[in-house]
Amino acid sequence: MNWLVIAAALSGAIAVGAGAFGAHGASGQAAEWLKTGGQYQLAHAVAALVAAQMGLRGAGWCFVAGGALFAGTLYLMALGLPKWLGAITPLGGALLIVGWLWFAWVSARS
């Protein structure tokens, strides 16, 4: 069983759901947070699938974890949880950047 592929696929499903809710069921800042989170999470779910196919598991897990942390904090704030969660969002973004740097590093070395 390929846990990275499963996690990436579930991440993509969550992203589509959040984006749809942001487009059709939320308004104001909450809608923007849902749309932004959905876009980033979906893009990085696809990146994680590519990384998994290329054998770049570390980069793939950075994409999944970073997407979950980045988007997850935005989703939680959109659902009314405290805005201090926004201080955690950049940690997810940093993991996404690490994933891309990892991807580039390993690709350049091969």
Side-chain angles (χ1 to χ4, degrees):
M1 194 172 317
N2 191 331
W3 292 106
L4 177 55
V5 171
I6 292 167
L10 292 173
S11 181
I14 292 166
V16 171
F21 183 53
H24 304 291
S27 61
Q29 184 65 56
E32 292 304 313
W33 284 330
L34 289 163
K35 289 178 195 176
T36 299
Q39 289 172 343
Y40 274 78
Q41 189 174 19
L42 184 58
H44 288 88
V46 173
L49 290 170
V50 171
Q53 293 304 310
M54 294 180 66
L56 302 172
R57 298 185 61 75
W61 280 111
C62 284
F63 293 145
V64 169
L69 193 57
F70 180 88
T73 55
L74 294 177
Y75 300 159
L76 292 172
M77 290 189 307
L79 294 173
L81 271 72
K83 291 190 174 133
W84 62 260
L85 288 167
I88 299 170
T89 307
L91 297 175
L95 268 175
L96 297 174
I97 293 167
V98 167
W100 285 114
L101 293 173
W102 193 328
F103 198 114
W105 174 261
V106 172
S107 296
R109 291 185 59 207
S110 49

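- A donor-acceptor distance shorter than 3.5 angstrom exists from the side chain of T73 to the backbone of L69, with no hydrogens or angles considered.
- When the side chains of ILVMFWY residues are joined at heavy-atom separations under 4.5 Å, either directly or via intervening members, V64 and V46 end up in two distinct hydrophobic clusters.
- Between atom CZ of residue F21 and atom CG of residue L79 there is a gap of 6.5 Å, rounded to the nearest 0.5 Å.
- In this structure, Y40 and L74 have side chains that are not in contact, with every pair of non-hydrogen atoms separated by 4.5 Å or more.
- The distance from the OG1 atom of T36 to the CD atom of Q29 is 8.0 Å, given to the nearest 0.5 Å.
- Minimum interatomic distance between P82 and M77 (heavy atoms only, all atoms of both residues): O-CG, 3.6 Å.
- Applying the side chain to side chain donor-acceptor pair (under 3.5 Å) test to every pair with at least one member in residues 92-105, sequence neighbours left out, gives these pairs: H44-W100.
- Under the 4.5 Å side-chain heavy-atom criterion for ILVMFWY residues, no single connected hydrophobic cluster contains both L10 and Y75.
- We find the CZ-CG distance between F63 and L95 to be 10.5 Å, quoted to the nearest 0.5 Å.
- The heavy-atom pair separating A26 from L34 by the smallest distance is CB-CD1, 3.7 Å.
- Contact detail for A45 and G12: the closest heavy-atom pair is CB-N, 3.6 Å.
- The cluster map of Ile, Leu, Val, Met, Phe, Trp and Tyr, joined by side-chain heavy atoms under 4.5 Å apart, puts V16 and F70 in different clusters.
- V98 is not connected to L101 by any chain of hydrophobic side-chain contacts under 4.5 Å among Ile, Leu, Val, Met, Phe, Trp and Tyr, and they are in different clusters.
- Contact between P90 and A87 at its shortest, heavy atoms only, is CD-O, 3.5 Å.
- I88 places a side-chain heavy atom less than 4.5 Å from the side chain of L85.
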Residues 48-62, side-chain donor-acceptor partners within the protein, below 3.5 Å, at least two apart:
residue : atom : partner : partner atom : Å
R57     : NH1  : N2      : OD1          : 3.3

